[in-house]
Novice: 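I have a structure I would like to understand better, so I am pasting it below and will then ask my questions one at a time.
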Amino acid sequence: VVLLVLITLFLPETSMKLKAQQARPPSTPSLNANTDATCPLPAPATDASPIQSQPLRTRLTSNARTAVRFGYTYGLYPLSTISRLLFPPVGLSSLYASICFGSMYAISVATPFSFSEPPYKLGSTDISFLYLPACVGYCLGSIVGGHLSDREVRLAKERSEDGQTYSSEVRLRSARWGVPLVPAGLLIFGWGLHRHTHMALPIMGGFVFGVGLMLVSGTIMAYFTDSIPGQTASVVAAYNALRNLLAGTVAALTTAAVDSGLRENWYFTILAVFCLASSIGLEVIQRYGAIWRQRRQEKLSQDADPAPTSPIPMTTLPAQQPTTTTSNP
């Protein structure tokens with residue numbers, strides 16, 4: 001409702017006054033007595049437009065170029081942002097965060113399947129309330145993660161010589177608090193469902209996972225802003241493309257695993273192992289991230305600056321002696 005009100009009141013496209021101004025025909029100067037009689041009048045309109053007067057081959061070539069330009073601008077060019085994943089700090093951190101994000105969909109898909117069967121036998125309304133603890137974990141992890149990330153930056157500034165500079169990789173230190181919580185929450189959730197324990201245990205696993213997920217993903221998003229300034233939107237777009245792809249894959253695999261009779265304990269154990277193994281990339285970034293960013297900056301500087309050209313040697317010509325002419329008497 002709030003979004004609808006904002007769109008209606010503040011978007012220029014919904015302004016009736018602006019629409020009226022755009023629909024108003026442009027004013028034409030009136031001819032009066034003071035107007036010069038020699039003012040040129042517009043040429044009469046002809047039936048054939050300039051486009052129609054062109055040869056057929058020229059028009060087809062122009063239309064083909066327009067179609068190719070449109071396809072490149074709206075089809076191929078947006079896909080170029082995926083190349084940001086080839087930069088190791090972005091690729092490693094995006095891969096880890098995407099696997100954790102996909103595991104969230106595994107919990108979301110497995111919850112209605114598992115709690116609707118014996119011994120729980122919950123209805124759809126009761127199952128919907130089971131998502132609330134995980135949502136609370138997301139909110140808590142987001143708030144705490146932002147505080148811890150800013151704290152690491154503040155401590156790094158205090159340790160610097162000028163009190164202002166810091167390395168972008170210091171933000172990833174706060175993600176260490178969430179790295180063990182992600183696989184722990186998956187194991188608690190999966191093994192709790194397998195053992196048919198009280199529903200509070202799997203729900204608590206979802207809460208623990210939610211806290212760890214936001215501690216990790218929030219820190220990585222802040223790292224994107226600091227590591228590649230000026231290209232944050234492209235990096236986030238590439239990260240979203242990767243994590244949505246993995247999320248859809250994990251959700252499909254979860255449905256297939258539940259239908260095939262694969263036990264929840266082993267499935268979520270596999271996801272926990274993947275999350276824990278991919279977290280090694282954060283340690284690698286903290287060690288080599290500054291070096292990778294420096295090399296990238298040097299390469300961009302070399303590409304931006306043209307190769308220096310040797311100056312053309314200047315040759316000095318000898319001074320020409322003045323010539324005197326004598327006239328015969």
Side-chain angles (χ1 to χ4, degrees), residues 64-109 138 142 145 149 167-169 171-172 174-175 178-179 182 212-256 270-271 273-305:
R65 291 178 180 176
T66 303
V68 171
R69 191 181 301 111
F70 179 84
Y72 174 77
T73 303
Y74 297 98
L76 296 179
Y77 182 73
L79 297 179
S80 62
T81 58
I82 301 178
S83 61
R84 304 292 188 275
L85 298 174
L86 300 178
F87 186 46
V90 176
L92 292 175
S93 56
S94 298
L95 179 62
Y96 171 62
S98 299
I99 294 176
C100 296
F101 184 76
S103 301
M104 179 190 70
Y105 277 80
I107 293 179
S108 301
V109 172
Y138 300 147
S142 180
S149 180
S167 177
S168 301
E169 285 70 26
R171 287 191 178 275
L172 297 179
S174 60
V179 168
V182 172
L213 175 64
M214 295 310 299
L215 285 175
V216 169
S217 60
T219 301
I220 291 176
M221 293 288 286
Y223 173 70
F224 288 157
T225 305
D226 290 346
S227 61
I228 308 182
Q231 298 183 3
T232 306
S234 300
V235 173
V236 173
Y239 162 64
N240 286 332
L242 179 61
R243 75 171 186 173
N244 290 332
L245 177 62
L246 289 181
T249 303
V250 172
L253 291 177
T254 303
T255 305
I270 294 173
L271 292 178
V273 171
F274 273 104
C275 292
L276 190 60
S278 59
S279 65
I280 301 176
L282 298 182
E283 300 296 330
V284 176
I285 295 174
Q286 293 184 47
R287 185 170 183 177
Y288 301 103
I291 300 175
W292 286 329
R293 288 189 295 106
Q294 183 178 1
R295 291 178 180 175
R296 180 179 180 274
Q297 189 64 31
E298 293 176 356
K299 183 179 179 181
L300 293 177
S301 301
Q302 293 177 359
D303 296 339
D305 298 335

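Only heavy atoms go into these numbers, but all of them, side chains included; no hydrogens, no water, no symmetry mates. One is the number of the first residue; the rest follow in order along the sequence.
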Novice: Can you check whether Ser93 reaches Ile285 side chain to side chain, under 4.5 Å on heavy atoms?
Specialist: yes
Novice: With a 6.0 Å cut-off (strictly less than), is the heavy-atom count around CZ of Phe87, excluding the residue itself, greater than 12?
Specialist: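 Yes, enclosed.
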Novice: Who are the side-chain contact (heavy atoms from CB on, under 4.5 Å) partners of Ser174, not counting sequence neighbours?
Specialist: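 Listed in chain order: Leu148, Ser149, Glu152, Thr219.
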Novice: Report yes if some heavy atom in the side chain of Ser103 is under 4.5 Å from a heavy atom in the side chain of Phe274; otherwise report no.
Specialist: no
Novice: Using the salt bridge (charged side-chain N to carboxylate O under 4.0 Å, His left out) rule, collect all pairs that involve residues 220-241, keeping only residues at least two apart or in two chains.
Specialist: Arg171-Asp226
Novice: Can you name the nearest heavy-atom pair linking Ser98 to Leu246, along with the distance?
Specialist: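 Closest pair (atom of Ser98, atom of Leu246, distance): CB-CD1, 3.4 Å.
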Novice: Would you mind reporting whether Ser217 and Tyr239 have side-chain heavy atoms less than 4.5 Å apart?
Specialist: yes
Novice: Calculate, to the nearest 0.5 Å, the distance between atoms CD1 and CD belonging to Ile291 and Gln294 respectively.
Specialist: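 Going from CD1 on Ile291 over to CD on Gln294, the span is 8.0 Å.
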Novice: Taking the side chain as every heavy atom from C-beta outward, state whether Ile220 and Leu282 have any atom pair closer than 4.5 Å.
Specialist: yes
Novice: Is any side-chain heavy atom of Ile228 closer than 4.5 Å to a side-chain heavy atom of Arg296?
Specialist: yes
Novice: Of all the heavy-atom pairs spanning Leu271 and Ala106, show the shortest one and how long it is.
Specialist: CD1-CB, 3.5 Å
Novice: Applying the side-chain contact (heavy atoms from CB on, under 4.5 Å) test to Leu213, which of Ser142, Cys100, Cys275 qualifies?
Specialist: Cys100
Novice: Could you grab the distance from atom CE of Met104 to atom CZ of Arg243, nearest 0.5 Å is fine?
Specialist: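 Separation between the atoms: 7.5 Å.
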Novice: Show, in sequence, the C-alpha distance, side-chain angles and deciding distance for Glu169 and Tyr223, and conclude whether the side-chain contact (heavy atoms from CB on, under 4.5 Å) test is met.
Specialist: CA-CA 7 Å; Glu169 285 70 26; Tyr223 173 70; 2.9 Å; yes
Novice: Nearest heavy-atom pair of Arg293 and Ser168: which atoms, and what distance?
Specialist: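 Heavy atoms of Arg293 and Ser168 come nearest at NH2-N, 3.8 Å.
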Novice: Please report the closest heavy-atom contact between Val182 and Gly212, naming both atoms and the distance.
Specialist: CG2-C, 3.6 Å
Novice: Could you tell me whether the side chain of Ser94 and the main chain of Gly91 form a donor-acceptor pair under 3.5 Å?
Specialist: no
Novice: Which atom pair, heavy atoms only, marks the closest approach of Val216 to Gly178?
Specialist: CG2-C, 3.8 Å
Novice: Return the minimal non-hydrogen interatomic distance between Val109 and Ala251, and the atom names on each side.
Specialist: CG2-CB, 4.1 Å
Novice: Does Glu298 have more than 12 heavy atoms from other residues, nucleotides or ligands lying within 6.0 Å of its CD?
Specialist: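 Counting neighbours around CD of Glu298, more than 12 heavy atoms of other residues, nucleotides or ligands fall under 6.0 Å, so yes.
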Novice: Tell me, do Ser301 and Gln297 make a side-chain contact under 4.5 Å, heavy atoms counted?
Specialist: yes
Novice: Test of understanding: with side-chain contact (heavy atoms from CB on, under 4.5 Å), list the residues that count as partners of Ala247, not counting sequence neighbours.
Specialist: Phe101, Tyr105
